[in-house]
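Just so it is clear, the model here is predicted, and its values are computed rather than measured.
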Amino acid sequence: MAYDYEYFKKAVYDLTKIDLNAYKEKQMKRRIDTLIAKNKIVGYDNYVSALKTDKKMFEEFVNYLTINVSEFYRNTDQWQILDKEIFPELIQKFGKNLKIWSAACSTGDEPYSLVMALSRHLPLNQIKIYATDLDKQVIAKAKAGLYAEKSIANVPEDLKKKFFTKIGPSYQISEEVKARVEFKEHNLLKDTYPTDYHLIVCRNVLIYFTEEAKDEVFRKFQRSIKSGGFLFIGSTEQIINYKEIGFERRNSFFYAKP
C-alpha cells in the first residue's frame, strides 16, 4: 500500500505538477482516500486512469486537493492592523503605487478584501492586486465574484453597501473592485516567484505543507519582498526561524523585511 501511494504521488505530479510530498502525508492521504471512495473507485492505479480520461473527475480532484476555505476579512482584528498601521506605513515609504501579491488566493475573497481595505487610503484606480492560485477552478469562481452571505459577513457595513449587490441569496462584488485584481495560475512549490513586492499576503495555506516546504516558501517570499515591505500570514501559522530567514517580527501575523 505504501508503494501504491508513492506511485500515486508521482502520477499526480506528472498530471498536475502538484507535489504531494510537500503536504502532510497522513492528512492529505486521508482526504484523497475519501474522494476515491466517493467516486466508487478501487485502488490508486484505477483512480489515476480515471483522472486521465475523465475531465470532470480531474477538475474535481484538483479542486479537492487545493484546500479552499476562504472568507472576506478573515480574522478581522488582523485586518484592522493592516488598515491602521501597515497600509499607512507602506504608503508613506513607497507612495501610492503599491505592489501587492495575494498568494494562494482561493476564491478571491482575500484579494477583493485587500482592494476594499486599501480603498480607504487610495482611489480605486490606483489600486492593483496580483492574485494567484494553483487551481484554475477557484480562479474562475474568483473572477465570477459571486459569494454567499456567510462569506461576506465580516466585511465592514459601509464597504458591503458600496461594493456588493444582492442577487437572490448571493452577493455580487462590483465590477470596479474586480477590475483592480489580476488573477493568474501559480504553484508556490514549483513556479518562479514575482519580485519587488511591498506586501505579500499568504494566509492559512501553508499549514498543510511539510516544515521543509513551508521553510522554502517563506524564504522565497522574503526574496520577493522589497526592503521595508511586509509578509502577512494566517492566524494558524508562525515563522519560527524568521530571523534566520531575514524577517523582523512586527506582531504574530506581520513580518517586515528590513
Ser113 OG to Leu118 CG distance, which is reported to the nearest 0.5 Å: 12.0 Å
Nearest non-hydrogen partners of Tyr171 and Ile152, listed with the distance: CG-CD1, 3.5 Å
Stacked cation flag Lys214 on Phe209, 6.0 angstrom / 45 deg: no
Ring centers of Phe221, Tyr193 separated by less than 6.0 Å: yes
Lys136, NZ: over 12 other non-hydrogen atoms inside 6.0 angstrom: no
Expected output: side-chain Arg249 to main-chain Phe254 donor-acceptor under 3.5 Å: no
Residues Lys93 and Glu89 bridged, charged N to O under 4.0 Å: yes
Student check: side-chain heavy atoms of Tyr44 and Ile32 closer than 4.5 Å: yes
Between CG on residue Asn187 and CG on residue Leu134, distance to nearest 0.5 Å: 5.0 Å
Check: Asp133 and His186 side chains under 4.5 Å, non-hydrogen atoms: no
Glu60 vs Lys38, side chain to side chain contact (heavy atoms under 4.5 Å, CB included): CA-CA, chis, key distance, verdict: CA-CA 12 Å; Glu60 176 197 47; Lys38 177 186 160 226; 2.6 Å; yes
cation_pi(Lys29, Tyr5) dist<6.0 Å, angle<=45: yes
Any Thr165 side-chain heavy atom under 4.5 Å of Ser174 side chain: no
Ion pair Lys184/Asp191, N-O distance below 4.0 Å: no
Backbone of Ile225 reached by a side-chain donor or acceptor of Lys257 within 3.5 Å: yes
Nearest heavy atoms of Ala153 and Lys160, plus distance in Å: O-NZ, 3.6 Å
Salt bridge (Lys or Arg N to Asp or Glu O under 4.0 Å) contacts touching residues 163-173 (sequence neighbours left out): none
CE on Met57 to OG on Ser49, rounded to 0.5 Å: 11.0 Å
Phe72 and Tyr112 aromatic ring geometry - parallel, tilted or perpendicular at 30°/60° bounds: parallel
Val155 vs Met116, side chain to side chain contact (heavy atoms under 4.5 Å, CB included): CA-CA, chis, key distance, verdict: CA-CA 9 Å; Val155 177; Met116 291 188 291; 4.2 Å; yes
Residues Glu244 and Arg219 bridged, charged N to O under 4.0 Å: yes
Over all atoms of both residues, closest heavy-atom pair of Ile200 and Ser224: CD1-CB, 3.7 Å
Contacts of Tyr47 that satisfy ring pair (Phe, Tyr, Trp, His ring centres under 6.0 Å) - sequence neighbours left out: Phe61
Smallest separation among heavy atoms of Asp45 and Val42, with atom names: OD1-O, 4.4 Å
Heavy-atom closest contact (Lys178 atom, Ala144 atom, distance): NZ-O, 3.1 Å
Pairs involving residues 138-156, ordered by first then second residue, that meet side chain to side chain donor-acceptor pair (under 3.5 Å) (sequence neighbours left out): Glu71-Asn154
Contact check, side chains of Asn204 and Ile233, non-hydrogen atoms, under 4.5 Å: no
Asn97, CG: over 12 other non-hydrogen atoms inside 6.0 angstrom: no
Ser170 side chain to Leu146 backbone, donor-acceptor under 3.5 Å: no
Contact check, side chains of Tyr197 and Leu98, non-hydrogen atoms, under 4.5 Å: no
Close side-chain approach of Phe247 and Gln222, heavy atoms under 4.5 Å: yes
Tyr130 and Trp101 aromatic ring geometry - parallel, tilted or perpendicular at 30°/60° bounds: tilted
Arg180 side-chain N/O to Ile127 backbone N/O, donor-acceptor pair under 3.5 Å: yes
Minimum heavy-atom distance between Leu90 and Gly229, given as atom pair plus value: CD2-CA, 4.2 Å
Donor + acceptor pair across side chains of Asn125, Glu176 (<3.5 Å): no
Cluster overlap Tyr242 with Phe232, hydrophobic side-chain contacts below 4.5 Å: no
Cluster link Val48 to Tyr13, ILVMFWY, side chain under 4.5 Å: no
Modelled atom types, side-chain donor and acceptor of Arg203 and Asn75, under 3.5 Å: yes
Candidate pair Gln238 and Tyr255, rule side chain to side chain contact (heavy atoms under 4.5 Å, CB included), full reasoning: CA-CA 10 Å; Gln238 55 181 318; Tyr255 292 81; 4.2 Å; yes
Ring geometry between Trp79 and Tyr73 (parallel below 30°, tilted from 30 to 60°, perpendicular above 60°): tilted
Spatial distance of atom CG (Leu199) from atom CG (Leu114) [nearest 0.5 Å]: 6.5 Å
ILVMFWY cluster, Phe183 and Leu188 together (side-chain gap under 4.5 Å): no
Ring centers of Phe230, His198 separated by less than 6.0 Å: no
Trace of the side chain to side chain contact (heavy atoms under 4.5 Å, CB included) decision for Ser235 with Gln78: CA-CA 9 Å; Ser235 56; Gln78 296 166 29; 3.2 Å; yes
Side chain to side chain, Ser102 and Thr132, heavy atoms closer than 4.5 Å: no
Minimum side-chain heavy-atom gap Lys99-Asp196 below 4.5 Å: yes
Spacing of Lys220 atom NZ and Ile245 atom CD1 [to the nearest 0.5 Å]: 13.0 Å
Single-linkage hydrophobic cluster, 4.5 Å side-chain cutoff, Val138 and Val201 together: no
Interatomic distance, Thr210 atom OG1 to Leu20 atom CG [nearest 0.5 angstrom]: 11.5 Å
Whether Asp54 side chain and Lys56 backbone form a donor-acceptor pair below 3.5 Å: yes
Neighbour count >12 (heavy atoms, 6.0 Å) for atom NZ, Lys10: no
Joint cluster assignment, Tyr7 & Ile36, ILVMFWY side-chain distance < 4.5 Å: yes
Heavy-atom donor-acceptor pair, Glu237 side chain to Leu206 backbone, under 3.5 Å: yes
Lys9 with Glu25: basic N within carboxylate O range, under 4.0 Å: yes
